[in-house]
Amino acid sequence: MAVKKEMSNGEIADAFTELGTLYELDGAISYRVLAYRDAAKVIKQSPVSIAELTRAGRVTELPGIGKTIEEKIVALMETGSIPSADKLKAKFPPSLVEVTLIPGLGAKTVRRLHDELGIATLDDLRTAVAEQRLRALKGLGPKAEENIAAQLEKLGDEGPSERVLLSDALPIAERLAEVLREHPASQAVDIAGSARRLAETCKDIDLIATASDPVALATALIEHPLAAASGNPSSNGARITTYNGVAVDLRIVPPKEYGNLLQHFTGSAAHNVQLRERAVKRGLSVSEHGIKNTETGKLSRHTTEAAVYKRLGLSYIEPELREGRGEIRAAADGKLPKLIELGDIRGDLHSHTTLSDGKNTLDEMAEAAKAKGYAYFAVTDHSATHGFGDHVTPERLEERIEEIAELNARIGSSRFRVLAGTESNILPDGSLDYEDSLLERLDWVVASVHTSFRMTKANMTARMVAAVEHPLVDCLGHPSGRMLLRREGYDFDIEAVAEAAARAGTFIEINGNPNRRDLSEQNARVVADAGVKICLNTDAHRVSTLENMRYGIATARRAWLTKADVANARAWAQFQKLRKR
DNA sequence: GCCGTTTTCGGCCCGACTGTTTTCAGTCG
């Protein structure tokens with residue numbers, strides 16, 4: 001019997017994104033289009049399989065998924081397509097959908113290009129632009145034609161992925177904010193947008209400010225050495241592009257409405273929409289300029305964000321929570337969690353040295369961890385089958401155990417200890433690549449998948465479940481194997497792995513490497529809900545990357561985690577009590 | 001199409017910018 005591969009959440013989401021655009025081309029009301037796009041987002045973000053959820057009849061439990069979309073998912077899973085999408089594709093060439101992806105070209109315009117000029121593909125559009133046929137259309141002119149030509153040009157040299165890792169955006173944002181703060185014309189400067197929310201990736205950097213001389217501050221930004229290109233500075237702000245291609249937007253407003261502006265530009269879009277919907281029900285209208293009483297027309301401005309939220313009957317919401325995932329309801333009910341903070345972390349439990357592929361020695365890493373004020377620090381070099389020529393043989397690991405004992409005798413104390421550990425490979429059958437007799441002698445065992453990513457979901461899940469059930473495994477490392485902006489993680493059932501870890505008393509890590517952030521914030525929520533304690537680890541390969549704890553904290557906070565959810569936010573004695581061995 | 005301490009219908013966020021226009025539609029964040 002032929003086994004049909006299960007549709008991934010991404011594939012299902014893409015089908016609904018496309019369907020939304022098809023309906024938009026067809027002239028459907030915008031709310032219907034929005035409903036499909038919102039559904040696509042929810043589907044894509046779901047930590048659990050939408051296909052499975054649908055089979056279980058539970059998919060409508062997700063916000064934004066109703067009876068109609070449920071039926072369409074079923075049809076998609078059973079037949080490979082959605083009937084209404086097929087009908088629309090008979091009406092318009094599906095290639096029109098990609099024409100709408102050109103920035104500045106929306107569905108309304110594309111529909112007219114199709115109806116009036118017979119344009120069906122990007123190539124058709126290119127030809128029409130070259131022949132200057134667009135300007136004949138009412139509402140379009142030479143300028144529009146020029147802009148489209150420029151966008152088509154851009155499409156040629158680089159792909160659509162222009163997002164950057166938080167770790168590429170945040171240092172630039174912090175540096176520019178610092179420079180602007182020091183400028184004599186500035187009064188307040190803050191990072192806003194996805195960088196402030198500490199999202200995994202950023203499309204651009206938003207800076208906001210108040211200034212005694214706005215134009216002078218805007219000018220300071222465009223004259224900064226980081227600016228490769230810039231627009232004209234004005235009293236409203238300025239926009240630059242840095243040499244690594246990140247766009248930076250600076251917006252400047254009067255101090256009186258600074259809180260409104262900071263709130264507005266921190267977003268997210270979903271958070272702001274929900275906030276405004278709630279406000280409307282209370283006769284209020286929220287914008288970046290203030291909160292207007294619809295009845296009286298009176299506008300109140302707020303110097304701080306806390307005042308903005310207070311005016312709406314909400315407690316202050318931390319930026320990391322502002323994703324439209326229930327934080328507004330929680331703020332209204334006074335049920336927001338007290339989020340974990342960087343200062344709560346007492347140890348780092350995943351690191352590498354020159355013994356495997358790290359760049360600093362055991363002593364250097366340990367000294368750096370001690371200097372950070374940690375109470376414990378696990379050294380977990382790669383195991384016997386890592387396969388990049390940097391693996392650690394059982395004999396070498398035994399020597400390492402002795403070295404760490406000596407190190408603890410030398411620099412350790414009751415207030416700082418180094419744990420002899422390993423990052424052992426989880427082999428395809430779920431076993432580890434050291435003998436139990438050796439693992440038993442270690443203080444700390446991280447188990448991770450590094451090879452054979454292309455297994456079926458069932459097999460990969462069984463492999464990981466076997467590892468977390470191993471009595472000598474303390475912690476599951478970077479559970480999904482994803483690399484942000486580079487590769488998807490492997491296919492596995494996070495709920496099954498979380499349940500197994502909860503039963504076995506095994507920790508699961510949030511790997512703070514900014515390329516990984518793994519557990520993802522969605523999976524971290526699932527794992528915490530299953531009752532598993534989470535470790536925030538850096539996977540540092542050198543002293544400087546011990547700083548990546550901040551990205552692990554970012555993911556933890558975005559997952560609504562508190563100090564109580566995190567194992568290594570405990571002092572040594574309490575941490576020991578949590579361990580299964 | 002979704003949703004409900006204004007439930008099964010009638011709503012569904014807000015403003016800036018752009019290019020094209022004599023007052024605005026489309027697009028975007």
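Naming convention: chains lettered A, B, ... in sequence-line order (proteins, then strands); numbering from 1 in each chain. Heavy-atom basis, side chains included; hydrogens, waters and symmetry copies ignored.
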Checklist outcome for this item: Answer for the Watson-Crick or wobble partner of dC9(B), both distances under 3.5 Å, is dG4(B)
Sugar-phosphate only, base, or nothing, as touched by [X] at under 4.0 Å among non-hydrogen atoms:
X: A279(A); answer: nothing
X: K281(A); answer: base
X: L275(A); answer: nothing
X: Y36(A); answer: sugar-phosphate
X: L34(A); answer: nothing
X: A144(A); answer: sugar-phosphate
X: V280(A); answer: sugar-phosphate
X: S285(A); answer: sugar-phosphate
X: Q274(A); answer: nothing
X: V286(A); answer: sugar-phosphate
X: N147(A); answer: sugar-phosphate

Considering only the [atom1] atoms, how many Å lie between [N] and [M], rounded to the nearest integer?
N: dC13(B); M: dG29(B); atom1: C1'; value: 12 Å
N: dT5(B); M: dG1(B); atom1: C1'; value: 24 Å
N: dT6(B); M: dC2(B); atom1: P; value: 23 Å
N: dG15(B); M: dC9(B); atom1: C1'; value: 29 Å
N: dC3(B); M: dA16(B); atom1: P; value: 31 Å
N: dC14(B); M: dT21(B); atom1: P; value: 30 Å
N: dC28(B); M: dT20(B); atom1: P; value: 16 Å
N: dC17(B); M: dG11(B); atom1: C1'; value: 28 Å

Next on the checklist: Can you confirm whether more than 12 heavy atoms, excluding those of R311(A), are under 6.0 Å from its CZ atom?
Outcome noted: no
Next on the checklist: With a 4.5 Å cut-off on side-chain heavy atoms, are T266(A) and R322(A) touching?
Outcome noted: yes
Item to check | Check: H114(A) and L25(A) side chains under 4.5 Å, non-hydrogen atoms | outcome: no
Looking only at atom types and distance, does a side-chain atom of [X] sit under 3.5 Å from a main-chain N or O of [Y], one as donor and one as acceptor?
X: S300(A); Y: I291(A); answer: yes
X: S212(A); Y: A185(A); answer: yes
X: D190(A); Y: I208(A); answer: no

Item to check | S287(A) versus K292(A), side-chain donor and acceptor atoms under 3.5 Å | outcome: no
Item to check | Contact boundaries on DNA chain B for chain A, cut-off under 4.0 Å to non-hydrogen atoms | outcome: dG1(B) to dG29(B)
Checklist entry - Does NZ or CZ of R32(A) fall inside the cone over Y23(A)'s six-membered ring, less than 6.0 Å from its centre and within 45° of the axis? => result yes
Next on the checklist: Return whichever of G64(A) or E24(A) has its heavy-atom-nearest nucleotide of DNA chain B closer to the 5' end.
Outcome noted: G64(A)
Item to check | Earlier contact from the 5' end, DNA chain B, for A35(A) and R276(A) | outcome: A35(A)
